[in-house]
K.L.:
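This is the structure I want to talk about, given as structure tokens.
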Protein chains: 2
Amino acid sequence: MKPKLTLKQIAFELDVSVSTVSKALRDSPEIGEDTRQKVKAFAKLYNYKPNNIALSLKNRKTRTIGLVLPEIVHDFFATVISGIEEVANKKGYNVIICLSNNSFDREVMNMEMLANGSTDGFILSVAKETQQKRDYHHLQEVINQGMPVVLVDRVVDEIICDKVIIDDAEGAAKAVQHLIDSGCRSIAIITTVDYVSVGKLRTNGYLNALRKNNITVNEDLILKIEDIDQSQEQIDEFLKSRNVDAVFAVNEQFAASAVKALVSKGLTVPEDVLVISFSDGELSRRFMPSLSTVNQHGAEMGARAAQLLIERLERVVDEERYQTAIINTSLIERESTLKTKKPVV
Amino acid sequence: MKPKLTLKQIAFELDVSVSTVSKALRDSPEIGEDTRQKVKAFAKLYNYKPNNIALSLKNRKTRTIGLVLPEIVHDFFATVISGIEEVANKKGYNVIICLSNNSFDREVMNMEMLANGSTDGFILSVAKETQQKRDYHHLQEVINQGMPVVLVDRVVDEIICDKVIIDDAEGAAKAVQHLIDSGCRSIAIITTVDYVSVGKLRTNGYLNALRKNNITVNEDLILKIEDIDQSQEQIDEFLKSRNVDAVFAVNEQFAASAVKALVSKGLTVPEDVLVISFSDGELSRRFMPSLSTVNQHGAEMGARAAQLLIERLERVVDEERYQTAIINTSLIERESTLKTKKPVV
DNA sequence: TTGTAAGCGTTATCAT
DNA sequence: ATGATAACGCTTACAA
């Protein structure tokens with residue numbers, strides 16, 4: 001086991017000083033051609049690589065991004081990570097990922113842990129619990145310490161910083177409009193409780209779309225789910241007693257559950273009821289019938305977030321002006337809204 | 001914007017030396033009660049937290065684990081990450097995640113990047129391309145430098161280190177046995193190309209199960225897929241022309257595609273053909289019909305890997321003895337193999 | 001052209 | 001009981 005080679009070692013071996021080695025490796029003009037050659041040859045031969053930690057300490061920069069996410073077993077966040085990784089790696093940054101598991105305390109802990117020198121800035125999607133508590137002091141804290149923060153998807157208005165979002169309301173409206181255009185009038189929505197920012201926005205989009213088309217909002221067709229774990233039962237129950245011709249679900253899990261509930265009721269999708277989901281993921285693509293959906297371009301959101309953060313870290317942007325990047329959504333039509341085979345009776 | 005508080009700052013403010021502050025905060029008995037109180041009070045008041053980078057440099061330990069994965073938009077790896085995070089965080093470790101995207105070069109780059117002081121050790125699942133090339137010098141390299149490595153799931157025999165796997169062959173055999181027990185005799189397998197270690201093992205399990213039950217292996221019922229992106233077409237094509245009473249797929253994507261192919265052929269699952277998948281994920285759970293599967297306990301694998309790595313980092317294990325932890329699989333029976341409604345004709 | 005020294009933030013050793 | 005110093009690995013004025 002050979003320990004990592006250091007400048008000191010090289011200096012000792014070549015009988016020069018540490019600073020000479022350092023300068024030679026960085027092609028400083030102060031160093032004579034021959035010594036430079038010698039040092040570089042030696043370094044290459046023994047595969048010298050500078051120690052990141054020492055560099056970080058010296059430069060007070062880690063070239064590391066702290067990423068704090070509510071969960072990861074979820075296509076959307078996984079794609080966000082991919083996007084971030086892609087950009088970060090290209091620019092020579094590492095990504096430290098921490099999961100809050102939607103817990104406020106863990107989110108705070110993670111940020112405190114990373115804020116003590118481990119990262120130069122944060123990309124964060126706030127935990128459900130944090131949104132519920134509306135306590136964002138930990139975010140303000142790191143910002144006050146001069147660490148830039150970029151919020152992604154689940155953002156909070158109270159914190160002033162760069163943000164990357166989609167227009168959730170517009171995306172939802174687009175989905176619902178598609179249902180309306182397909183002739184549906186009795187459209188249920190399966191959404192989250194209101195304190196989940198994106199859930200609320202999507203609910204608003206649903207409401208807007210109905211109103212715009214002069215369809216009376218029927219509160220009885222709105223199901224708000226708190227915990228995804230018991231969602232199937234709630235959705236079964238909800239759909240069993242209601243007659244609808246379409247369902248808009250704010251995520252693909254709810255959509256899949258809705259289809260299941262409808263089928264067990266003896267209905268067929270899309271022949272009897274159209275179903276559309278939000279946030280295009282593996283499930284929507286592979287489901288039978290494949291699910292129409294509003295895609296969220298997670299990778300693009302992540303890439304954009306990384307880009308915004310790195311720009312700020314490298315001071316190429318106006319210190320005072322924060323931007324909110326809005327990533328476009330688009331409707332992906334698949335089988336679950338393909339109304340061709342048989343007309344509604 | 002207030003910069004982070006340092007020992008130096010505190011020392012200056014309280015008019016004592018840096019070492020006094022350091023000792024006071026660490027409850028050194030050398031320090032007088034009053035000064036200790038004073039220092040601690042001040043530190044608490046201004047929320048002093050030691051700088052991780054400085055500590056890392058000093059201790060030559062980062063308390064950070066490098067995690068290199070082939071991909072992440074994949075339930076299995078996502079759960080592995082969850083498991084690792086859980087254990088790592090509990091023990092005060094951070095996790096730096098890098099994605100190889102199944103590329104050899106990126107895997108090497110990532111490891112080199114992290115090996116320069118950023119992490120104390122690695123947890124890695126090797127890239128597909130790396131398995132194909134059989135080039136593992138980057139792994140041996142970091143091991144030679146004294147950084148422990150734990151391989152997860154996609155392991156390589158050539159490297160001696162701790163490993164966490166499941167018994168893929170046994171799991172596959174269990175799945176196939178279940179099909180046989182359900183009365184199937186003409187069982188197709190949809191698997192990966194052989195250089196993917198786990199794919200090959202699962203294929204072996206399939207073969208073993210057939211032989212054990214005296215069922216002749218029909219090479220024509222074996223489909224090996226290279227690239228998941230075109231898998232649907234290949235699977236459609238494959239199943240169209242073959243008459244089978246069951247399909248064993250080595251991952252849930254293939255299984256979903258198989259069901260789709262069968263349905264488009266006019267068959268029903270499970271009435272006409274049973275389908276079973278491997279690696280329990282969201283898709284298997286939510287699919288219609290829900291897919292029977294061999295669960296892989298990704299979170300448990302991750303947790304175990306983190307535990308093994310940390311034990312080695314903290315030297316509580318015998319330096320020379322490496323272990324291979326085998327996580328148990330179990331069969332999860334769902335609708336896709338529930339053969340009740342109608343007997344095979 | 002090369003080397004010395006200070007400093008990044010800590011902690012451990014060794015004075016005082 | 002407190003402080004000065006060196007060290008972790010590196011860079012960069014500043015000296016020589």
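Order of the sequence lines fixes the chain letters, A, B, ..., with proteins taken first and strands second; residue numbering starts at 1 for each chain.
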K.L.:
Supply the atom-to-atom distance Ile72(B) CD1 to Thr79(A) OG1, rounded to the nearest 0.5 angstrom.
P.N.:
9.5 Å
K.L.:
Taking all non-hydrogen atoms of both residues into account, name the closest pair between Ala24(B) and Lys40(B) and its distance.
P.N.:
O-CE, 3.9 Å
K.L.:
Please round to the nearest 0.5 Å and tell me the distance separating atom CD1 of Ile81(B) and atom CD of Glu86(B).
P.N.:
14.0 Å
K.L.:
Side chains of His138(A) and Glu107(A): do they bring a donor and an acceptor to under 3.5 Å?
P.N.:
yes
K.L.:
Mind running a 4.0 Å heavy-atom check of residues 6-21 of chain A against DNA chain C and sending the residues that fall below it, in number order?
P.N.:
Val16(A), Ser17(A), Ser19(A), Thr20(A)
K.L.:
Could you pull out every donor-acceptor pair under 3.5 Å between side chains of residues 2-12 of chain A and any protein atom, sequence neighbours left out?
P.N.:
unit_1  : atom_1 : unit_2    : atom_2 : d
Lys4(A) : NZ     : Asn116(B) : OD1    : 2.8
Thr6(A) : OG1    : Lys8(A)   : N      : 3.4
Thr6(A) : OG1    : Gln9(A)   : N      : 3.2

K.L.:
Which two nucleotides bound the region of DNA chain C that has atoms under 4.0 Å from heavy atoms of chain A, read 5' to 3'?
P.N.:
dT1(C) to dG9(C)
K.L.:
Between the side chains of Glu141(A) and Gln145(A), does any donor sit under 3.5 Å from an acceptor?
P.N.:
no
K.L.:
Quantified as the angle between the terminal helix axes (five pairs each), what is the overall bend of the helix from dT1(C)-dA16(D) to dT16(C)-dA1(D) to 10 degrees?
P.N.:
70°
K.L.:
Name all pairs fulfilling the salt bridge (charged side-chain N to carboxylate O under 4.0 Å, His left out) condition that reach into residues 115-132 of chain B, sequence neighbours left out, sorted by first residue then second.
P.N.:
none
K.L.:
If I take atom OG from residue Ser118(B) and atom CG from residue Leu55(A), how far apart are they, to the nearest 0.5 angstrom?
P.N.:
9.5 Å
K.L.:
For residues 31-54 of chain B, which residue pairs qualify under ring pair (Phe, Tyr, Trp, His ring centres under 6.0 Å), counting only residues two or more places apart or in two chains?
P.N.:
Phe42(B)-Tyr46(B)
K.L.:
Take Asn51(B) and Arg36(A), find for each the nucleotide of DNA chain C with the closest heavy atom, and name the residue whose nucleotide sits nearer the 5' end.
P.N.:
Arg36(A)
K.L.:
Which residues within residues 22-34 of chain A lie with some heavy atom under 4.0 Å of an atom in DNA chain C?
P.N.:
Lys23(A), Glu30(A), Ile31(A), Gly32(A)
K.L.:
To the nearest 0.5 Å, how far apart are OG1 in Thr130(B) and CZ in Arg154(B)?
P.N.:
9.5 Å
K.L.:
Please examine the side chains of Phe122(A) and Pro148(A), heavy atoms only from C-beta on, and report whether any two atoms are closer than 4.5 Å.
P.N.:
no
K.L.:
If the threshold is 4.0 Å, N to carboxylate O, is there a salt bridge linking Lys133(A) and Glu158(A)?
P.N.:
no
K.L.:
Where the side chain of Lys90(A) meets the backbone of Glu85(A), is there a donor-acceptor pair that is under 3.5 Å apart?
P.N.:
no
K.L.:
When you measure from every atom of DNA chain C, which of residues 52-59 of chain B have a heavy atom less than 4.0 Å away?
P.N.:
Ala54(B), Leu55(B), Lys58(B)
K.L.:
From Arg315(B) CZ over to Arg312(B) CZ, what is the distance, rounded to the nearest 0.5 angstrom?
P.N.:
9.5 Å
K.L.:
Run through Asn52(A), Asn47(A), Asn51(A) and flag the one making a side chain to side chain donor-acceptor pair (under 3.5 Å) with Lys49(A).
P.N.:
Asn47(A)
K.L.:
To the nearest 0.5 Å, what is the distance between CZ (Arg304(A)) and CD (Gln323(A))?
P.N.:
5.5 Å
K.L.:
For Glu300(A), enumerate each residue passing the side chain to side chain donor-acceptor pair (under 3.5 Å) test, keeping only those at least two apart in sequence or located in another chain.
P.N.:
none
K.L.:
When you check the side-chain N and O atoms of Asn89(A) and Lys91(A), is any donor under 3.5 Å from an acceptor?
P.N.:
no
K.L.:
What parts of residues 37-47 of chain A reach DNA chain D, counting only heavy atoms under 4.0 Å away?
P.N.:
none
K.L.:
Just list the side-chain donor-acceptor pairs under 3.5 Å for residues 93-101 of chain A, sequence neighbours left out, or say none.
P.N.:
unit_1    : atom_1 : unit_2    : atom_2 : d
Tyr93(A)  : OH     : Glu314(A) : OE2    : 2.9
Ser100(A) : OG     : Leu69(A)  : O      : 3.2
Ser100(A) : OG     : Asn102(A) : N      : 3.3

K.L.:
At the 4.0 Å heavy-atom cut-off to chain B, mark where contacts on DNA chain D begin and end, going 5' to 3'.
P.N.:
dA1(D) to dG9(D)
K.L.:
Do Met111(B) and Val68(B) make a side-chain contact, defined as non-hydrogen atoms from C-beta onward lying under 4.5 Å apart?
P.N.:
yes
